[in-house]
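Below is one structure; the comments refer to it alone.
This chain uses plain numbering: 1 for the first residue, then up along the sequence.
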Amino acid sequence: MRSRSPSPREVGQPNQVQEPYSRARKNPFFDGLLRAEDGCLVLHLISKQPWQPEHFSHHPFERSKIGKTASFAFTDVQSHFSFDPNEPIEANEKPPTVNGLTSPTSAKSFRVNRRKENLSTVSLPQSAASFYNGDSPEFEIVASCPSINKLNSFLKATKDEVNAGVPGRFLHVVMAQDVPDVGSIASTITYAFYLNEARRSDQICTVPVISMKRLDIRSQAELKWLLDSCQIDQSSLIFVDEIDLSYYDLFGSLKVVLLNGNKLPAKQEALKQAVVEIFNCKEGESVYPWVKTITIAEDSSCCTLVAEKFALISPEILAGQGFSRLLLAAILLDSANLCSPQCSLKDKYMATLLIHGSGRFGCNGLYQLLRYKMYDVSDLKVADILRKDFKKWTRVGKPDSTGSRMMASQIGMSSIGVPIAQLLDHEDTSVREIKYFQHMEKIRLLMIVSGYYDSKKNFKREILVSAESVELMKNLLFFFNASTSQLPLKAIHQPGLGEEMQAFEIDKVTSRKTIEHLLEEFGGTSKG
């Protein structure tokens with residue numbers, strides 16, 4: 001019988017019990033950055049000059065004096081902290097000194113906050129961060145971002161200038177199409193910041209104007225989360241309902257930079273003579289022949305083009321996590337996570353360059369989180385849910401027998417992604433909130449169109465109709481009965497609605513465009 005040769009580890013180590021594997025980091029330049037001290041969490045990070053690696057100072061947990069290095073075990077790190085969860089912890093590191101000389105580095109600060117939301121229901125892809133801390137850790141570490149600090153200073157200065165009336169300067173407004181999505185708002189903010197950095201002038205005040213009402217941001221959960229996550233000072237943003245552009249146009253001091261389109265929104269069409277630049281529009285689509293500065297779209301996200309411009313003049317701006325996240329989020333949503341047929345190689349290249357902005361989520365996780373926020377209404381009020389995707393229009397009916405025109409019919413349509421029953425159960429006063437929303441929007445007829453997938457993955461289309469009067473409701477139902485082939489309805493019994501509000505299930509797959517067309521047709525014929 002052959003004897004087994006001893007392994008190299010066994011030679012010279014008789015009867016020695018093998019110690020568990022220990023992964024100790026002696027080098028202070030590795031990423032050990034936690035220190036428990038008097039129940040407080042202190043984080044230190046010294047950032048080098050732009051585009052140089054960041055070095056971390058290492059401070060192991062000091063629990064007791066241990067002669068030998070303890071073995072590493074997976075534990076719940078968050079359970080070791082005993083600080084007040086309602087008190088955010090701040091940590092700053094001063095630049096170190098070497099031989100009495102200050103090192104040419106800049107300090108970076110951190111805040112440790114209790115996470116306000118539970119992300120465990122979001123289908124985030126697996127990552128090292130989720131393995132160690134779970135999908136929704138109790139605490140989050142927020143690092144300061146020099147790029148965002150610089151952006152916030154720009155936003156505050158421009159708002160102060162606008163509040164003072166922009167004396168002795170031209171108002172250079174950057175605004176996008178009337179589509180309040182992440183890509184539109186991110187490109188408006190960042191391109192205005194780029195123009196301010198690239199074209200500094202004492203004669204021009206460059207201001208981003210968000211093409212939506214400030215109140216409407218509450219219904220855009222994904223946008224609000226992104227702005228908070230990027231640490232953007234929302235109080236310094238200027239929304240379209242907070243500035244009278246016609247005043248500056250009247251005195252000839254207004255200049256407009258138009259993003260993502262070839263034509264101003266209908267409400268701002270009177271300002272078309274003030275347009276001096278169009279950024280990211282289709283070739284040959286410009287309707288303002290006097291505009292000389294035009295950037296043609298290249299089948300890329302608008303934020304891809306903005307990021308490219310920053311990479312050419314101030315690449316260090318893109319190194320900040322908050323700033324890169326703002327651009328990256330817009331690129332991912334515009335390109336359907338880089339999978340859309342319209343996604344260009346430049347989109348993919350720029351998303352790779354901005355990957356630092358994805359943080360612990362990764363690109364896929366950031367996209368999934370934003371998509372989840374787009375359809376999550378759990379934290380919204382009923383009015384915010386209805387305002388999230390809302391449009392209204394006015395139609396004047398045909399003259400009656402006396403030749404006089406009937407009253408104008410104000411009609412509104414809200415699109416939601418949850419069942420009608422879930423909307424009505426969202427709050428105890430949901431029915432009252434729907435009527436109040438209808439009253440505030442001054443519409444005689446409100447159509448709430450629901451589209452969702454049931455537990456069997458079947459698409460369902462439901463509608464909730466709220467009319468100003470019983471007579472108007474009867475006229476609408478009579479009109480729908482005459483259009484049964486296009487809109488076959490099946491009544492849904494919902495207690496407590498009353499005669500002026502009724503719910504229906506549409507018995508066939510029907511697009512929102514079809515419903516909108518029928519409402520426009522009804523608005524031109526209604527006499528209710």
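- Asp376 places a side-chain N or O within 3.5 Å of a backbone atom of Ser378 that can act as its donor or acceptor partner.
- Interatomic distance, Ser253 OG to Arg169 CZ, rounded to the nearest 0.5 Å: 11.5 Å.
- Minimum interatomic distance between Arg325 and Leu226 (heavy atoms only, all atoms of both residues): CG-CD1, 3.9 Å.
- Ile243 meets the side chain to side chain contact (heavy atoms under 4.5 Å, CB included) test with Val162, Leu171, Val209, Ile238, Leu245, Tyr248; sequence neighbours excluded.
- Considering every non-hydrogen atom in both Ser187 and Cys302, the closest pair reads CB-SG, 3.7 Å.
- At a threshold of 4.5 Å between non-hydrogen side-chain atoms, the residues Lys373 and Leu370 do not count as touching.
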Using the side chain to side chain donor-acceptor pair (under 3.5 Å) rule, take Ser415 and Arg512 through it: C-alpha gap first, then chi angles, then the decisive distance, then the call.
CA-CA 8 Å; Ser415 299; Arg512 289 185 299 171; 3.0 Å; yes

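- Residues Pro208 and Leu155 have side chains in contact (heavy-atom distance under 4.5 Å, counting atoms from C-beta outward).
- Using modelled atom types and a 3.5 Å distance limit, the side chains of Gln342 and Asp334 yield no donor-acceptor pair.
- Residue pairs meeting the ring-ring contact (aromatic ring centres under 6.0 Å, His included) criterion with at least one member in residues 149-178, sequence neighbours excluded: Phe154-Phe193.
- Between Asp384 and Lys224, none of the side-chain N atoms (NZ, or NE/NH1/NH2) sits under 4.0 Å from a carboxylate O, so this pair counts as no salt bridge.
- When all heavy atoms of His356 and Gln321 are compared, the pair lying nearest together is O-NE2, 3.2 Å.
- In this structure, CE on Met175 lies 9.5 Å from OG on Ser184, to the nearest 0.5 angstrom.
- Within a 6.0 Å radius of CZ in Phe459, more than 12 heavy atoms belonging to other residues, nucleotides or ligands are found.
- Side-chain contact of Ser246 with Asp249: a donor-acceptor pair under 3.5 Å is absent, judged by distance alone.
- When all heavy atoms are compared, the tightest approach of Val276 to Thr293 is O-CB, 4.0 Å.
- Salt bridge absent: Glu433 and Lys381 never bring a charged side-chain N and a carboxylate O closer than 4.0 Å.
- Contact detail for Cys363 and Ile355: the closest heavy-atom pair is SG-CG1, 3.9 Å.
- Heavy atoms from other residues, nucleotides or ligands lying under 6.0 Å from CD of Gln203 number 12 at most.
- Nearest heavy-atom pair, Gly322 versus Cys145, reported as atom, atom and distance to 0.1 Å: N-SG, 3.6 Å.
- Between Lys388 and Glu222, at least one side-chain nitrogen of the basic residue sits less than 4.0 Å from a carboxylate oxygen of the acidic one, meeting the salt-bridge criterion.
- Around the CG atom of Leu345, the shell of radius 6.0 Å holds no more than 12 heavy atoms that belong to other residues, nucleotides or ligands.
- Panel note: side chain Asp347, backbone Ser344; a donor-acceptor pair is recorded below 3.5 Å.
- More than 12 non-hydrogen atoms from other residues, nucleotides or ligands lie less than 6.0 angstrom from CG of Asp244.
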